[in-house]
Amino acid sequence: MTDQSLAPFHIDETGDSDPSHCLFLFDGDMEQVADVFEAHDAESHGHGWESLARSLVRSCMPDNAGKLHFGSEAGTFVVLSSDLKALTDLAALLHSAFHNRELLGRYIAMANPRS
């Protein structure tokens, strides 16, 4: 089941034997805000989003750091977790930034996703 209120981010069950969930964002959606990343000399692909997300987890939700497992590739941002609340909280942060270019720019500047 996918929560459309977090679009373009998606949360689905992984289908594995354990009750895991997967948060993802595809490259076609990443392109909508690629210029914000580029303005901060940051990569806008899956690894850039992963660096941004890791920074947000460290600064905004450090208690969830051990519950989130990143596995992004160039064309897809991916986070796995058996803790649906932790995953949804991260998705909400990223969703807010995706739809607010100024906020996204501030988060990118703080995260320095290229490092």
Side-chain angles (χ1 to χ4, degrees):
M1 178 189 209
T2 300
D3 183 350
Q4 292 301 318
S5 67
L6 297 170
F9 295 89
H10 305 274
I11 296 178
D12 285 331
E13 290 184 36
T14 60
D16 294 339
S17 58
D18 64 274
S20 292
H21 300 275
C22 180
L23 168 65
F24 53 93
L25 176 68
F26 296 113
D27 58 353
D29 295 312
M30 292 177 206
E31 292 172 4
Q32 296 177 41
V33 293
D35 61 311
V36 180
F37 280 81
E38 291 163 7
H40 289 74
D41 196 29
E43 297 294 332
S44 61
H45 53 55
H47 298 293
W49 275 96
E50 181 173 317
S51 294
L52 174 62
R54 286 179 182 273
S55 172
L56 289 172
V57 170
R58 281 192 305 272
S59 63
C60 300
M61 44 190 295
D63 291 344
N64 290 328
K67 300 174 185 176
L68 302 168
H69 309 283
F70 294 87
S72 300
E73 297 178 2
T76 310
F77 165 70
V78 179
V79 187
L80 298 168
S81 181
S82 59
D83 187 325
L84 183 57
K85 181 172 177 359
L87 206 57
T88 303
D89 289 349
L90 176 59
L93 276 172
L94 294 171
H95 170 82
S96 295
F98 188 95
H99 293 287
N100 180 331
R101 297 169 83 77
E102 182 180 326
L103 179 61
L104 179 59
R106 284 198 310 264
Y107 284 164
I108 294 168
M110 288 177 7
N112 190 11
R114 258 199 147 161
S115 61

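For clarity, every value in this text was computed on a predicted model and none was experimentally measured.
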Do S96 side-chain atoms and A92 backbone N/O form a donor-acceptor pair below 3.5 Å? yes
With distance as the sole test, does H95 use its side chain to make a donor-acceptor pair with the main-chain N or O of A7 at under 3.5 Å? yes
If you round to the nearest 0.5 Å, how far is CG of D63 from CE of M61? 9.5 Å
Going by the rule ring-ring contact (aromatic ring centres under 6.0 Å, His included), which residues pair with H69 if we only count those two or more places apart in sequence or in a different chain? none
Which atoms form the tightest heavy-atom contact between S81 and L68, and what is the distance? CB-CD2, 3.9 Å
Please answer whether the main-chain N or O of G105 pairs with a side-chain N or O of H40 as donor and acceptor at a distance below 3.5 Å. yes
Atom CZ in R101, atom CD in Q32: separation rounded to 0.5 Å? 9.0 Å
Nearest 0.5 angstrom please: R58 CZ to M110 CE, how far? 10.0 Å
So, taking the atom named CG in L93 and the one named OG1 in T88, what distance separates them when rounded to the nearest 0.5 Å? 11.5 Å
Check the angle between the aromatic planes of F37 and W49 and answer parallel, tilted or perpendicular using the 30° and 60° thresholds. tilted
When you look at S44 and V33, which way does the side chain to side chain contact (heavy atoms under 4.5 Å, CB included) test go after all the steps? CA-CA 8 Å; S44 61; V33 293; over 6 Å; no
What one should report as the nearest heavy-atom pair of H47 and E73 is NE2-C, 3.6 Å
Value rounded to 0.5 Å, distance of CG in L25 from NE2 in H10: 7.5 Å
Has S20 got a side-chain atom pairing as donor or acceptor with S82's backbone, closer than 3.5 angstrom? no
What closest approach, in Å, do F24 and D12 show between heavy atoms, and which atom pair accounts for it? CZ-OD2, 3.2 Å
Steps toward side chain to side chain contact (heavy atoms under 4.5 Å, CB included) verdict (L94, F77): CA-CA 11 Å; L94 294 171; F77 165 70; 3.6 Å; yes
Looking at residues at least two apart in the chain, or sitting in another chain, which of them share a side-chain contact (heavy atoms from CB on, under 4.5 Å) with A91? L6, I11, L23
Paired with C60, the side chain to side chain contact (heavy atoms under 4.5 Å, CB included) test is passed by just one of L56, V57, N64, namely L56
Output the distance between atom CG (L90) and atom CZ (R54), rounded to the nearest 0.5 Å. 11.0 Å
